[in-house]
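What follows is a single structure, written as C-alpha cells, with notes after it.
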Protein chains: 2
Amino acid sequence: MNLRTLILEDLAEMRLWLSEVMREACPDAEITTAPDIRTALAIAGHEVFDLALIDLGLPDGSGLEVLRALKQANPAALCVVATIMGDDASVVGALAAGADGYLLKNQPSALLVRQIRQTLDGVPPLSPAIARRIMTHFRQTGPVVADANLTPREREVLGHIGKGLRNHEVAATLGIGTNTVAAHIKSVYAKLGISSRAEAAWHATKLGL
Amino acid sequence: MNLRTLILEDLAEMRLWLSEVMREACPDAEITTAPDIRTALAIAGHEVFDLALIDLGLPDGSGLEVLRALKQANPAALCVVATIMGDDASVVGALAAGADGYLLKNQPSALLVRQIRQTLDGVPPLSPAIARRIMTHFRQTGPVVADANLTPREREVLGHIGKGLRNHEVAATLGIGTNTVAAHIKSVYAKLGISSRAEAAWHATKLGL
DNA sequence: AAGACAATTACCCGAACAGGGGATGGCATC
DNA sequence: GATGCCATCCCCTGTTCGGGTAATTGTCTT
C-alpha cells in the first residue's frame with residue numbers, strides 16, 4: 001500500500017524541499033502538492049489522504065481550514081502542521097483544530113525526515129521548541145495547589161456546582177438532602193472567601209473539578 | 001566534563017535497568033542511585049546534579065518532592081520523570097512541578113536511550129503516549145470558536161457573570177440597569193442553551209472571558 | 001418608505017438562593 | 001471521655017435570579 005500524502009505550502013522552493021523530505025522519509029509515498037487553500041480544498045473534495053504537511057500562513061487564508069476539511073473527510077488522516085511560526089496562538093490554534101503534530105521548518109531536514117517517519121509509527125511529531133512551549137504552558141496552568149483545605153465532600157459538591165447543577169440536582173445525584181448541599185456550599189463559600197455560586201463555579205474550574 | 005546524574009527508583013531490578021540505559025545513553029555519566037525519597041533528599045543536600053531520572057510512586061512519598069529539591073539546588077538540572085503511571089494527574093502534576101520530560105518505563109530500552117541522549121541536546125523527552133495525551137488536552141481546552149454568535153454586549157455581560165459578579169454589580173460596572181443585565185443574561189442563556197449562572201460561568205471561562 | 005429584525009432597555013412575579021442560626025451522629029485524636 | 005472535625009439535617013429572612021412580556025432604538029431588507 002502506498003501512502004497518499006498532501007503537501008500544502010505557498011512558496012515553490014519550500015514546497016520542493018518538503019517534497020524531498022517526504023520522499024526521503026517514505027519513498028513509497030504518493031505525493032500531491034497544493035500552493036494555496038483554494039486548490040487544496042478542491043483536491044481534498046475528491047481525494048482522500050493519509051498524511052498531510054500543512055503550512056499555516058497562506059496567501060488566501062489559514063491552513064487550518066484545509067486541516068479541518070481533511071480531518072472531516074478522513075478522521076484517521078495524520079495532519080501535521082509545518083510552519084515557521086512558533087507563537088502560542090498558532091500552536092494552540094493548530095492543536096485545537098486537531099493537528100496531530102507541529103513541526104518547525106527551520107530545522108535540519110534530517111530531523112524532519114526522522115520525525116515524519118516516526119509519525120507513521122504513532123509518535124506525535126513535535127519540534128523540540130514546540131514541545132518545550134507546551135510543557136511550559138502546563139507549568140503555568142497546572143498548579144492545582146491552594147486547595148483551600150476543602151473536605152472531600154465539599155470538593156465533590158463544588159464540582160457539581162461548577163458543572164451548573166442546582167442544589168436539588170446536586171442533592172439528588174449525591175443522595176443527600178438539599179439542606180445538606182446548602183450547608184456544604186456555605187462552608188465552601190467561607191473557605192474560599194466568596195459569596196455566590198458563579199464565583200464558586202469559577203473556582204471549581206480553576207481547581208480542575 | 002562528566003555528567004552528574006541521579007536515578008531515583010525503589011525497585012532494585014528497575015534501578016539497575018535504568019542505570020544500564022543511562023550508561024548506554026551517556027558512557028561518561030557519573031551515576032548516583034537512590035531507592036527512596038529520604039536518601040535522595042539527603043544526597044541532594046550536599047551534591048548537585050545535572051540530570052535526574054525520577055520515579056513517582058515511591059514507598060515514602062512522591063518523587064516530585066525530590067524533583068523540586070533538585071530544581072531548587074540547580075535550576076538548570078534536567079529532571080525527567082520515569083514511571084509506569086501515565087494518568088493525567090501524574091503527568092500534569094509532574095509538569096507543574098517543573099519536570100523537563102516524562103518517560104514511560106514500559107518502552108523498549110533503545111527508545112529510552114535515544115530519548116535520554118536527545119535530552120542533553122535540548123529535546124524534551126516525552127514518551128509518545130504522553131505527548132498524545134498532552135495534545136489531546138489542548139484539543140479540549142483550546143477551541144475558542146463556537147462563539148454562539150453572542151452580541152458584544154452579551155459577551156461583555158457574560159464575562160462579568162463568569163467572574164462571579166451579581167447582576168447589580170454588573171449593572172454598576174457597565175452603567176446600565178439591573179433589569180437590562182438580566183435581559184442580556186436571558187438571551188445568553190437562550191443562545192447557549194443553559195438556565196443557570198453557574199453554567200454561564202462555565203461557558204464564560206471556556207470562551208476565554 | 002415600509003417592514004423585518006436584532007439589540008438594548010425596562011417591569012413584575014414566583015422560585016431559587018445566600019447566610020445566619022442551631023442540632024444530631026460518626027469518627028478520629030488526644 | 002473530652003475535644004475536635006466532618007457530614008448530615010432543619011429553620012428562617014432577605015436578596016437575587018429566571019422567565020414572561022413589552023417598549024425603544026437602529027440597521028438592514030424589501
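The sequence lines fix the lettering, A, B, ..., with proteins before strands; numbering per chain opens at 1.
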Whole-Å gap separating [atom2] ([N]) and [atom1] ([X]):
X	N	atom1	atom2	answer
Leu158(B)	dG18(D)	CG	P	12 Å
Asn167(A)	dC10(D)	CG	C1'	15 Å
Glu154(A)	dC5(D)	CD	P	13 Å
Glu199(A)	dT16(D)	CD	C1'	14 Å
Glu169(A)	dG18(D)	CD	P	13 Å
Ile185(A)	dC17(C)	CD1	C1'	9 Å

Need one value for [X]: base, sugar-phosphate or nothing, where a base atom within 4.0 Å counts as base even if backbone is also close, heavy atoms only.
X	value
Asn179(A)	base
Ala183(A)	base
Ser196(B)	sugar-phosphate
Thr151(A)	sugar-phosphate

State whether [X] places a side-chain N or O below 4.0 Å from either non-bridging phosphate oxygen (OP1 or OP2) of [N].
X	N	answer
His184(B)	dA7(C)	no
His168(A)	dA16(C)	no
Arg153(A)	dT8(D)	yes
Tyr189(A)	dG19(C)	no
Arg166(A)	dA16(C)	no
Ser195(A)	dA18(C)	no

Original post:
Should the heavy atoms of other residues, nucleotides or ligands under 6.0 Å from CD of Glu169(A) be counted, would the total exceed 12?
Top reply: yes
Subject >> Asp50(B): which of Leu120(B), Leu70(B), Asn74(B) passes side chain to side chain contact (heavy atoms under 4.5 Å, CB included) >> reply: Asn74(B)
Subject >> Toward the 5' end of DNA chain C, by each residue's nearest nucleotide, Ala182(A) or Gly175(B) >> reply: Gly175(B)
Subject >> Nearest listed nucleotide, side chain of Thr180(B), among dG18(D), dT8(D), dT9(C) >> reply: dT9(C)
**OP:** Under the side-chain contact (heavy atoms from CB on, under 4.5 Å) rule, what do Leu67(A) and Leu8(A) come out as? Steps first, then yes or no, please.
**Re:** CA-CA 10 Å; Leu67(A) 195 155; Leu8(A) 172 57; over 6 Å; no
**OP:** Look at the side chain of Lys186(B) and the base of dG19(D), then say whether one donor and one acceptor between them are separated by less than 3.5 Å.
**Re:** yes
**OP:** Apply side-chain contact (heavy atoms from CB on, under 4.5 Å) to the pair Gln115(B) and Leu103(B), showing each step before the final yes or no.
**Re:** CA-CA 9 Å; Gln115(B) 290 196 293; Leu103(B) 297 176; 3.2 Å; yes
Original post:
Side chains of Arg166(A) and Ser195(B): donor-acceptor distance under 3.5 Å anywhere?
Top reply: yes
